[in-house]
Structures are given as structure tokens and as C-alpha cells.
Amino acid sequence: MAEEREVSVLVGGRAGDGINNAGALVARLMSRLGYRIYLYFDYPSLIRGGHNFAVIRAATREVGTCREKVDFVLALNQETVTRHQGMVHDGTAFVFNADLVKSEGQGIPVKAILAAEQAPEIMGNSVMIGGFAKAAGIEWAQVEDVFRAALPKGTDLNLKVARRAYDQLAVVRKIPERGSPPLSLVTGNEAIGLGLIRGGLDAYVSYPMTPSSSLLHFLAGEKEKFGITVVHPENEIAVVLMGLGFAYAGKKAAVGTSGGGFCLMTEGLSLAGMAELPLVFVVSQRTGPSTGLPTYTGQSELQFVLHAGQGEFPRLIVAPGDAGEALAWSAIALDIAWQFQVPAFILPDKTLSEGTYSVDTAALPSREDGPAGPGRAASPSLPYRRYADMPDGVSPPAFPGTPGAVVKVNSYAHDEYGYTTEEGDMVSLMTEKRLRKQEALARAMNTFPQVNVLGKADAPVALLCWGSTKGVSAEVGDALGLRVVQPVVLEPFPTTQLRVALSGTTKLICVEENATGQLAAIASEYGIAVDEEIFRYDGRPFTYESLLAKVQEVIL
Amino acid sequence: MAEEREVSVLVGGRAGDGINNAGALVARLMSRLGYRIYLYFDYPSLIRGGHNFAVIRAATREVGTCREKVDFVLALNQETVTRHQGMVHDGTAFVFNADLVKSEGQGIPVKAILAAEQAPEIMGNSVMIGGFAKAAGIEWAQVEDVFRAALPKGTDLNLKVARRAYDQLAVVRKIPERGSPPLSLVTGNEAIGLGLIRGGLDAYVSYPMTPSSSLLHFLAGEKEKFGITVVHPENEIAVVLMGLGFAYAGKKAAVGTSGGGFCLMTEGLSLAGMAELPLVFVVSQRTGPSTGLPTYTGQSELQFVLHAGQGEFPRLIVAPGDAGEALAWSAIALDIAWQFQVPAFILPDKTLSEGTYSVDTAALPSREDGPAGPGRAASPSLPYRRYADMPDGVSPPAFPGTPGAVVKVNSYAHDEYGYTTEEGDMVSLMTEKRLRKQEALARAMNTFPQVNVLGKADAPVALLCWGSTKGVSAEVGDALGLRVVQPVVLEPFPTTQLRVALSGTTKLICVEENATGQLAAIASEYGIAVDEEIFRYDGRPFTYESLLAKVQEVIL
Amino acid sequence: MTGRNLITDVQNTWCPGCGNFTIQHTLKALLDGWEKEGRSLDNVVLVSGIGCHAKIADYLNINSFYSLHGRTIPVATGIKLANPDLTVICCCGDGDCYAEGLDHLVFAAKRNIDITVIVHDNRVYGLTTGQYTPTSPLGFKGKSTPSGTAELPLNPVELMLACGATFIARGYTKKMDQLKTLIREGVAHKGFSFIDVLQICATFFPAADYYTPRVYEPADHDPADFQKACLLAREWDYNSDARIALGVLYRKSMPGFGERVAVPNRTASEREQAVRDIIAARI
Amino acid sequence: MTGRNLITDVQNTWCPGCGNFTIQHTLKALLDGWEKEGRSLDNVVLVSGIGCHAKIADYLNINSFYSLHGRTIPVATGIKLANPDLTVICCCGDGDCYAEGLDHLVFAAKRNIDITVIVHDNRVYGLTTGQYTPTSPLGFKGKSTPSGTAELPLNPVELMLACGATFIARGYTKKMDQLKTLIREGVAHKGFSFIDVLQICATFFPAADYYTPRVYEPADHDPADFQKACLLAREWDYNSDARIALGVLYRKSMPGFGERVAVPNRTASEREQAVRDIIAARI
Ligand SMILES: Cc1ncc(C[n+]2csc(CCOP(=O)(O)OP(=O)(O)O)c2C)c(N)n1
Ligand SMILES: Cc1ncc(C[n+]2csc(CCOP(=O)(O)OP(=O)(O)O)c2C)c(N)n1
Ligand code: SF4
Ligand code: SF4
Ligand SMILES: [Mg+2]
Ligand SMILES: [Mg+2]
């Protein structure tokens, strides 16, 4: 192993070979050994053919990025061997499908094994996993457990074929058990979905768009269990407006998309701002501009999401750094949206949305008291004023069906009742109401720890990062003895907490997966100057080594 | 008169009374006396009824704002007298329709006059104008001239009824002739249209939305004369994509809208960025958020337009301050869009779009050499590479129909030929190509005077303004001996020129018609700190006095 | 809330002679009637777009969502899915829902979502001062087409028939009694109801002299007869000169989208349990 | 450019058995034929959306605009208006132009803009891995509707008939010769041409066993007969079991939008003069 305390596995094959599932099984096997897991899945935008691969990293520390070298290669096609030569080190163990691949290491006669058990072709991956388990010295009982949990259909036959490979191969690099209890493995999008459910979600409306689609699929699959309405309408314009319809009727809704689909939601966003309707927008970033690289990552929607929609109105933006944060902050985003009747953004990227992370459920805060905030008002005072001008700018909500209340929301400038106005004084008053709401929102957010400090907390040189680069930045920070500062909330900009987190720094290095430095620009608007900027914009997340090298360059 | 050198006239009546046209006639009469004109038209969003008014200001200096007091009131309804009492001074002269209005001053029996000449009701305004002309001591020959130029239909009858009122009234406040030759009166939207035509426009595509609609109406009305295609399609999404279709086919197109419609264009904008297609966006701002105040002004789309569209790509933003600048810069915007194959914005607001200004045609630069830039390439080298990676990031353009050239544009990440790519290196290369183009664009813009310095050019206290507040800021600057700095180009941000313009200032006061200070935020991102901010956000433009008072407050 | 004044104090700014008054009075009369029948108006929601028609949201004293140009229908769909007890009525413009937001109309029909769409079809963009809409006749000279439009109008009735709408009617603002019946039946209809209302725009499309002699109520028309409905729909194509059929042109019963996508209610603790189960299953 | 290799070197990533290959080969054969007839391919433009179908823009070595999901048609309209000499062909997806961008399809038909729209109607979102589209049958279990869709499909042929399309055809990727005829005729047709192609998606909607025994070419169908075209369109509603008519279902001649909105050419100096005249008239 590259290091005592961790192991990386590459699984590669053709699109359509189920590489993501194979990777998930590998991840699970290693998770059961007591490791923290990060799984990165790399695939082009096509359905069959082309090359897919997953890198699964297991470590004793929390991880959120890959290393450039792997300890195991599980090759389902020849490309896995030829393409990833740079990822191999002297001790890398190869396990491959001997029917299709020529390589050093241990080949498995997949076809023959399947034939022997009269198993269908799609069980080929189970064969490979069986072989890997043996090569890694994992107990058979573990394999059986994981298969039973992960493959409820055809489990026995899957196990039979896996066992054959297990028996044929030899242990090459034993992955030691760590003893710590295994954690759950959750993707970023699943974590967002679960967080929203915990926040009280009633409805999810979305039009498919990578890398947000898996959230739609997840919630559509579990809608009966959660008792939520899931709608996939004709387009993103319908999505956002249906979402606002739900909000008006008193139901907590979220919508999901990526940058291109979000463009079509911006008019509805501005309506949410004016009508003061709460709605959560999950905008999962990918490489742009335009269609760009649909299945690759990027962090170039921060400024867009911050300024989208005509006019000025308060909004919340949170950018979780891993699945655990996604779970916690998605619930908060929904709470806050409703408490302040504002649009709220959850801003993951492909890395987070489709990456798999170990999540410590013990850390899950209880939500037994139910969602916070005045989500469901009792009987409002009548005649009802939807936009009653309160000191904090937040009007008591009521929903249609409330006895005696005439609930009027309006996209025009309006008075307290929601009637259209063109009077300058009323327009000013309502603008100031929204400004006060923005301040109240900022105050409320200040009661949360909005800025993480990782790495060496008192080091004078700091990395400033956001979103999914949290993991890689933290690791590099640890390695180089740097402070790592990650604002989770990006609007209202947590200037005070950020200043505290940065106090005593002499050099600030911003790390972003875009080409212009969007967080750096915002920080400098708030008077926080960045000294160096490290960008990556080829659609791939920073690996530990790639970021390490770039940071070393600028701190020398 | 409030001052020797200027006069203000208020014309008010019901929506549907043709107040805008009456105002235009008044403006023209005074323009002929040798004054510079500014006309502000105030109307609610409805078709008939409601109160409309126009304020026409005539001065010996360039003007772009109103005074709070007027010297003449032309009242077509009672509301004009009651509503605008605050705008009256001791010497204000009233001319009113005696059939409908009770007031001091001179009443005109409009109905009786029309009856005497058997003229239709819509000629009532001509009666009122005749009366005004007399009250203001304007020669009858002037009136006749203006009517002949402005009312080609039914001129004689209009003149007859006007003459009756002219003869019945007495001179009250003679407006002295200034002797200087009269200038042309052009609205901001007309100026933009004319500028685009001078820039070589082939097509204008737009969906109606106040305050951009009058540009659509103007160009649709003149399309035969200009030989341009004008299309009003099903919605704004179609607008932007048709515009890109024109650009791809080698035709210079512009699209027009306001914030809400622009939301629907953002996906197309990002496509323009990725596919490197030139397109001019005219986004005329109004009070937001959402539907807001459709017929009132605002400056709250700067940040949105700057960051709109997923991903990162170069763009040009110009915000002309008056009709003259609109005429000049609209041509430049189209030139630059084509020279650099980027989207370009013209960012007026309601004040500019629908305001009328004196324009000095003598200052119109010649465009005899035709549009600049490689708009129409000769024979490209084959095989044609639409995205050939040139040092300045600008690839030689070619259009379908070019012999031998296969012209491929693509919204995906692509290689030099325009074929889709998912390779990280190619993605980086193309991103860097666009970054270099951004730099080349910034360099090119630096050859233009992008920042106006008005007022007292070396004063230590400066007003920083943009767009239509140019006029009012300049006047206040003159009155208080302040420097006034107005960047016309807002992206690429003209940091260098702005620093020069601000050099030696000790206090910087930002003036904006929004509630958050959008230019101030951008300036501070570029390290230019604003000391004070003056906002107005009730949909009304700053008057001279309202800005004067606010500036005095902060400089004390 | 009963006995409420159904008209608000907001100043009405429609032009004299505007057909929107008729639609407003018709709705008011219906609401009055419902209230008298003991139906609570608290459960009625009006969704409007942006345009002259949309001002009705300010004028009627009931729950309302004054939305965006072209977007009444998805808003209404969200509201209905969120709370099936609500009666959701859309007042749309023709620019609104035949141009800007046409796809939503098609999909509402396709889904058979239980809302009632009233199109104030004045065949012009009123509020933006007179441009052509999808139902303006060929050659219409609006401000954006001063030399006349270059396209034939869309026939919304025919379109709705092709999209599977289960209640299709046409009314006319000079026939208020009939209009009242149409809207009442549309609201009563379980499923998607579409009513194209020929609305007089006194300022930009004063077509009463054209409509009045041409409109008729087809005798013995059986709204269940799809073929016949198609013929009636095509009789007048919004362009050439012909008789104009008013009334319920087509009606059919079919399960609605809301019923089909309904999910069981879950308590907070059932949901929390489901979350914990899912996470636990990921070990 | 003549004698060009019509297929690019870009790696083809459609699944084995995908009907898109047929459409690609059909277009290649047509382009080949045109070139042989002496028609320059420099004047042919392909506009595609985003999706599996859209990859054809990478694979065919002709001018192309690889646009956005749902937006082929307005792009194509702009191109055609900009340069009427170009032959503009859209390759759309069913998600593309029946869901995301449906209104553009309706308006292209209404305007009779002279472009050819080929819909790769695989009745599923292919590239986003298998969600239902507007033509998926009721109850289709896609990833966004794992318990089945709750809405009937749209019948695009019926829709186009209702919208005034002047050339309407249906093809099938297992009938390549016929498909070639349909596209050739569609391109030759002056005005808007619509071809719904039942395209096999081998991965998410492998319906060949369903289609093949049901498709037929109606004998003696006169495409000028609108009533008959309606009946053929309704025979199979993309949901229930029925025979599926292929071929040109409707055709009609009508002036196009491009001709109607054409403006005279003006030289730069005429334009400059017009500008100066307008300004001068404002004194
Ligand atoms: C996205 C967007 N585009 C354009 C507008 C401008 N706009 C407001 S109302 C309207 C047209 C209204 O026409 P119609 O729907 O027929 O309503 P009417 O006024 O005739 O009742 C338009 C284009 C807008 N508000 N939003
Ligand atoms: C605005 C927008 N929304 C969503 C997507 C994601 N997306 C890409 S292709 C596609 C569906 C394609 O389906 P279809 O048009 O039927 O084409 P197919 O892949 O089946 O050929 C979607 C939803 C997108 N690119 N843009
Ligand atoms: S413009 Fe037409 S639709 Fe609008 S209020 Fe006036 S008459 Fe009614
Ligand atoms: S998913 Fe379907 S449509 Fe897409 S390439 Fe595969 S078979 Fe063809
Ligand atoms: Mg209308
Ligand atoms: Mg499809």
C-alpha cells in the first residue's frame, strides 16, 4: 500500500458494464473493514461503449478526493490497463477479466465461471468482485454479507459465481481490518434528498439534467416511503413555477437541475424573491459554459446563482463540502427558506452529487421537534395581509384554505395585502422590507457555524475553498501544515465568521474548480483579499497530488 | 423662469390622451428655440384612464434629468393640477382644458374650438399646444413649422384649431429664443436602433417587453428603409436562439428585452459564449424584482447581466448615459461583438429608453469605412477549423455556404473543428483560448475612452455613476464643484481608465438607482472602494434637486 | 369567510368597453352563487398571468397568485397537486398561454390536471399596447408587425382537441349568461377544462361587429362526439370568415393526473424512520 | 466541397442496435445523392439538439449547429431567415422538441418556415438514461417514474395537423428506404416539413417487436386529404394497440414565412442615408 492507513482501488470497463455498481460493491467491502470511503465515478456522456472508471479510496481519515496512484486495478476491459498506466505503482495488484484483457496480475476466466453456474452475463461483475475480495484478503463472510445487503435479487447465484473466482485467486495485498464500526455509504445527491426529507419536504419537482438527475431518481424511487409528491414536468420553467405553486399552497418544495436548466428557472427565482415564496433550488454544477461537459465537474455557477433573476432580493446559498454536510445543510436550507420566505440554494457539483462518501449517522442531529420556523401559521389576523410589514421584514404566512384569509401573492410591486401598486412610497417601503429581511436572514445564519476551519487551525498560510474541494484541501492542508477555511454558507456572505476564521493569516490561497476565481472575487468585494489563486477547469476534480503540487508552488 | 437659462413644462392628462405626443410637440417647439431638451414620460402600466404626465426641460446646457419645479403646466385633466401641486412655483403659468379642469391661469374651451372647426376629438391636444405656444410667446411660424414636421396627416386642420387657441390666449412667460441651431430629438431606444443600424445590423429579434418594446416598434416600422429582418417570435427563448441562428449564418443580429425576458435568454447567452457566436443583447432595465413596476426605471440588472449564463466566458457590457452615447456605443457594441465573437450587452433603463434627448448629429462619427472587424471573412484555410486556436483567442470566422468549409459550432466542449470533446486537455485549451479572448477584448476596449469625467474634473470629491444617471450627476457635480465619473463600459471592467479618472479623489460617492449598490460592489471587487452610496429605488429617476440634497448630506 | 365583498377596492383600469369586465362579473356572479350554496370561497384560488386580463387578480377578493407572463398553468398545477381540495382557476391571456407559455397548456391538457383555464382571448397583446398574438388573423397590423403579420393564426380549440383536453368550450364576452354556464361547468368538470373566451379588446381589437352576427350555439351538439367537435372546431379557423360555434364543444371523463400521482401521507416519524432505514441499509 | 468523406472521424458512441444509425445512414445516402446531382453540400446545415440523436452533428461531415436541448427549431429558423439559400435540417429528439421545446415546433408549423424537422422519436430520454418523454405510453416505468407515468402520450402527428404543418410524415428506423424517401420529400417540400421517426432505442425502449408487425403504408392515401390524414393520425395514438401508418400523411402548398417577411436589400450608404434622414426629421 502507498501508505499504511489507506488503499485505493480502480475499477474500469466499458460504459454499460455497470462500473458504478461494481465500484459501489468494492467501496462497501472496504467500508466494512472499518475505513472511511470516497468513491469517484468518471464516465463520458454516452450510454454504451466508451470508457468508465471508478476510483475507490479507503482511509482511516475522512476522505473526499482521490490519490493519483492506486493499489488495485480491477480491469473489465483492456483500456483500464492501457489508459491508467500512470496510476499504477510497483506494488499495484491487477485483477482482470481474462476473456477480454491481457495484463500482468491475476486473470479471471469470467465466461467459464458464468457458464459453469449457468449464470447470466450481467453477473460478470460479481465474479470480478469475488476475485478482488480474495486478492485483497477479505474474508468470505464479508463478501457474503455485502452481497446479501446490496444484491437482494439473485443473491445466491451471484455469490456462487463470486465464490468461484474467490477460490481461484490468491491473496496479493491484504487490506487490514481497522476494527472501527462501518459507516454508511451515501452519494451527495442521496444525502441532499435525505436532508430535504428531514427538513420536511413535501414535493420535489425536477427535469432530468446531469448531475442532478440522480436526486430525481432517488426521490422518485422512495416517494411512497417518504410520502412526497415527485413531478417531472415538461421543462424547467414548469418545474420552478410548479414549485412556487406548492409553496403558495403551503407545501415545502424543492427543485433540482444543473446550470443550463437553472437558466430557465431564473425568471421564477425572481418571482420567488418578489412574491416572498420559499423554494429550495438544488443546482448541481458541471463544466460549462453551455452544454459543456455534462458528466464532469466544475464550480462556475456561484456568481450566476448569486445574481440570477432580475432585481434585488434576499437568498440563501449553501455549498456543502461532502455528503455529511449535504445531509445536514439541506435540511437547514429548507428550514431557512420557510422561516424567511426566501429562495434557498444548495450548490453541489458533479463531484459531490455523484461521489460516494462515508457518513456518520451518529452525528445526525435529531429533528424530532419538527421543522423550525413559522412554516404553518395558526390563524392569522384578519383582514389578512400577506406582506404585513414586520420589523424583521418577515410577514406571518397563511395559505389558501385558511378560514377568512384572502391570500394574495403578486409578482408586481405590491402593498401589504398583495395588491399591485405603482406608488413610489409603497415600492420603497416594500424594498426596504426585503432589505430588512436580508439582514434578519444574515443574523439568523450567523447563529450557525457557517465556516469550517480544517488543517492546522492557527497556521499563517491558509487555503480558502468551497464545496467539494473541502476534502482535498483539508488533506493538503494537513500534509503541509496549512490552515484550511471553507465557508459553507456563501450568501448572505459570512464576512464576520470568515474574518475570524482567517484571523492571523499572512497568505491566502484560493482553490477553485473554475477559471476566474469566483469565491475570490466575492471575498474581495467584502474586503478579503486573496493572494494566490489555484484553478482547475478541465472537468476533473483536484486529486490530492495535483493540488499538493500547485499549493507547494505558490507557498515557496 | 426658475433660472434664466432654462424652462420646464409639465403636460398631464389621462392615459390614452396622447400625453407622450403632446409632450413631444412641446419639446420640439422649445428645441426649435435653440434649447437642449430632456423629456421624461411617466405612465402607469395600463391602457386608458390613470394619470400620465411628461416633463419637458429645455436648457442651454445638455440635460438628462428633470427639475422638481416647472414653469408651465399644461393640464388636460384635473389630476394634473391637484397631483403636481408640489411642482409649482409662484410664477408657474397654467394652461388648461377648461372643459375638464378648474384652475388658475388660462383655460381653453377645447370642445368649442373643435366644434367650430368640426375637428375630431383627438385634435384636442393640438388646441392645447396652440394655447401653450401663445402663453410661452412662441412665434406662430414656429408652431406651423413644427406641426408640419410632426403631424403629416391632417396638418391644416390641426393648425386651424391650434391657431384658435393661440389667438385666444395671452403671452404669460415668454421663452426667449437662444439663437443656436436646433438639434434633433431622439429617444434612447431610437438612438440604440439607429446605432445598431450604423453598426451593420441585419436582423432584430424581440418579444415585446416594456421598456424595450419601443425599440422593436421603431425597427419594425423602419425595416424596409434599413433592409433589416425584424422578427417577433413566440417567446424570448426563441428570440435568443433565432438571433444565434442569424449569427451562425453570418448575419449581424440583436435581441431586445427587459429583465424578465432576459431570464429566458440566459441559456442562449451561455451558448453564445461557448459557441463563440456574436450577438447583441439590449436589456432595458425597469424596477424589479419580477414583474415589478413595468413602466418605471431601475438599475438593478448590472450584476445579473454580468454573471448570467452557466459557466465562464467573455462578454461586453456598455451602459450609455444618454441618447447620444446610445447612438455611438450601440454601433461599437455590434462591432466588438463581431470582432471578438462574443455576446455584447447594451444596458439602458426606462429613463434612457423612453426619455427624449437632444442629439448633436454633427458629432456623429462617420461609418463610411463600414463595420470594423473580421465580420465577413474571405476564403478560410481548409479544412476549416471554426475554433482555430489563435494567439488572441479569436478564430477566423466563416459561415455556411463558404465553398469547402464545413462550419461546425457546438454547445458542448469541443476541439478546434467544433467536434465534441471530453478530453481534459482540450477542455483546458479551449477555456484558455476564451480567457485570452477576454484579455484581447479588454485591450481593444482600452483604446476607446470608456470612462467619462464630467463636472469639475480635478475635484477631490467624486460622484461615481453609470447609465442614465449621467445627466443628473453631471448637473449636481457642476453645481457643487464635484468630479463626476461615469464608466460607459462596465465589462471588461475598465479598471485602468477608472483609476486614472479617479486619481486624486479623497472621497467617492456612488450614485445608483437600485437598493444594494451594484456598481459599488463591482468597483470594490477591483479594489476601488466607495465611501458613500446614494440609492433611489422607487422607480423614479433622480431629479436634480433630489440628488443634490442627498449629495449635500453626505459631503457635509 | 362568507358575505365578503367580492370586488376589492383596487381602482379598475380596464378601458371602457373592455370585455374583461364581463369575465370579472361572470366570475363574481359564480362566486356569489357558490357562497350562497354554502361552498367556502376560502378554497378557491385564482391564478393569473401578466397582461390586461391578469388584473382580475387585483379586482376579485379571493385568494390569488398574480404570476408571470405565460406561467399561470404550471403555478396552478403546483397548487392543485399541493392541495387537491382547492378549486383552481386560471385567467390567462392569449399572448400568455398561446405564445409565451404554450407548452404548459398542451401538457395540462395531456395530463388532465383538474384546473380550469379561462383564456381572455382578445387576439392581441393588450397591456403591451397592441402587438399580434397567435390568434391574430393573417396580416394583422400590430406595433411589431406594422406591415401585417406573416403567419396564420393558431386554432386553440383544434389544438386542445389534438392534445387530449377533456373539457373544451368557447365563450364570448357579449354572451355573459352562456359564459357563466361554461365556466360553471368547466369548474365542475373533474379534470382539465379549457375555455377560450372571445374577449373584446375595445382599444386594439374591437371585433364585436365581426363576432356578434357570426356566433351561434350549435343545436343538438353532443359534446361527447369527438368527430363532431373537430368539425365545429375547424368551421371557424380564427382567420377566414365563417360561423363561430360557442358552447361546450367537447367533454369526456378520464382519470386526472392528481389522482394518479397521489402518494400516501407519512407522519414526521415515519419519514424519519424511512431516512434512518435507508441510511442503515447503506452500511 | 465535393467528394468529401461524409462521415467524420469522431468515434461513434451510439449503442449497438440503435436506430440512430439508420437515420445517419439515410442522411448520408441522401447527401451523397445530392452531391452526385451536383448540388453543393456547402449549403446544407444540420441543426441538432442535445441527446443521443444530437450526436449526429458530430458524425456527419456537413455544416452543423449542435445547439441546446429543445432549441433546434428556433436556431434553424434564424439560419433560414438569415440565408434562404441554405437547406436547413433539424435532427431533434422527442424529449427535445415534444417536451422542452414544444412551442417552437408548434410555431414553426404555424409559420410554415421552410425547414425540415426530423424527430428521432425513441419515446424516451436516451442520453439522460431513460426517463419518459411526451410520447412514452401511459404507465411507462422510467427512472423519474419508477411506478409508471401518470399521463397519456401526446400524438405528435395529430398535433402537427392541428397546427397547420404543411408536410407531415412518419417513418421507422427499420424501414430505411422509405425513410429516405420521406426525408428527401420533406427537404424538397417548400415550407415546414415534419417527420416523426419511430426510432429504436436499443437500451431503454427496444420496441421493434412491437412496431414491426404493426407498421404499414396505407394504400392509395392522398396526402392532400386532410380528413383522411386525421383519421390515419388517430388510428394509432402512441398508446393503445393499433396499426401504425407510415409515409407522407399530409401535404399542402402554402406561402412560407421567409418569403412573407423578406425585406429589400439595402446598401451601407442607403442605410446611412436612412439613419441621417430619420435623425434630420426629428429636428
Ligand atoms: C417574460 C416576459 N415577456 C414579456 C413580458 C411583457 N408582457 C407583459 S403582458 C404581455 C402580453 C400580454 O398579452 P396577453 O397575454 O394577450 O394579455 P392581454 O394584455 O391581452 O390581456 C407581455 C408581452 C413579460 N411581462 N414577461
Ligand atoms: C435545459 C436542459 N435541460 C435538461 C438537459 C439534460 N438533457 C440532455 S439530453 C436530454 C434528453 C434527451 O432526450 P431526447 O430529446 O428524447 O433525446 P435522446 O437522447 O432520446 O435522443 C436531457 C433532458 C439539458 N441538456 N438542458
Ligand atoms: S387594452 Fe384592450 S384588453 Fe386591455 S383593458 Fe383596454 S380594452 Fe381591455
Ligand atoms: S440509449 Fe438508446 S437512443 Fe441512445 S444511443 Fe443507446 S440505443 Fe440509441
Ligand atoms: Mg391578449
Ligand atoms: Mg428520445
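Chain letters run A, B, ... following the sequence lines, proteins first, then strands; residues in each count from 1.
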Which atom of A/T431 lies closest to which atom of B/A515, heavy atoms considered: CG2-CB, 3.8 Å

Nearest atoms (heavy-atom pairs only) where A/T421 meets B/L293: O-CD2, 3.3 Å

Minimal non-hydrogen separation, B/V427 against A/D538, with atom names: CG1-CA, 4.0 Å

Partner chain B: residue of A/Q518, A/E312, A/E432, A/Q303 with the largest heavy-atom pair count (under 4.5 Å): A/E312

N/O donor-acceptor pair under 3.5 Å between B/E267 side chain and A/S290 backbone: no

Flag, side chain of B/E422 to backbone of A/S45, donor-acceptor distance under 3.5 Å: yes

From CZ (A/F535) to OG (B/S428), nearest 0.5 Å: 13.0 Å

A/S258 portion near chain B, given a 4.5 angstrom heavy-atom threshold: neither

Interface residue of largest heavy-atom contact number with chain B, from A/G309, A/G298, A/A413, A/G273, under 4.5 Å: A/G309

A/L271, part contacting chain B, at a heavy-atom distance under 4.5 Å: both

Residue selection (most heavy-atom pairs with chain A, distance under 4.5 Å) from B/I522, B/T295, B/N514: B/N514

Best-contacting candidate, B/G260, B/G288, B/G259, against chain A by heavy atom pairs under 4.5 angstrom: B/G260

Stepwise side-chain contact (heavy atoms from CB on, under 4.5 Å) check, B/I237 with A/I237: CA-CA 11 Å; B/I237 300 178; A/I237 299 177; 3.7 Å; yes

Heavy-atom pair of closest approach, residues A/C263 and B/Q310: SG-OE1, 3.1 Å

CZ/B/R14: more than 12 non-hydrogen atoms of other groups inside 6.0 Å: no

Contact origin within A/R434 toward chain B - heavy atom pairs under 4.5 Å: side chain

Top contributor to chain B interface from A/S524, A/G292, A/G539 [non-hydrogen pairs under 4.5 Å]: A/G292

Point-to-point distance, once rounded to the nearest 0.5 Å, from OG1 of B/T266 to CE of A/M265: 11.5 Å

Expected output: side-chain B/S270 to main-chain A/P289 donor-acceptor under 3.5 Å: no

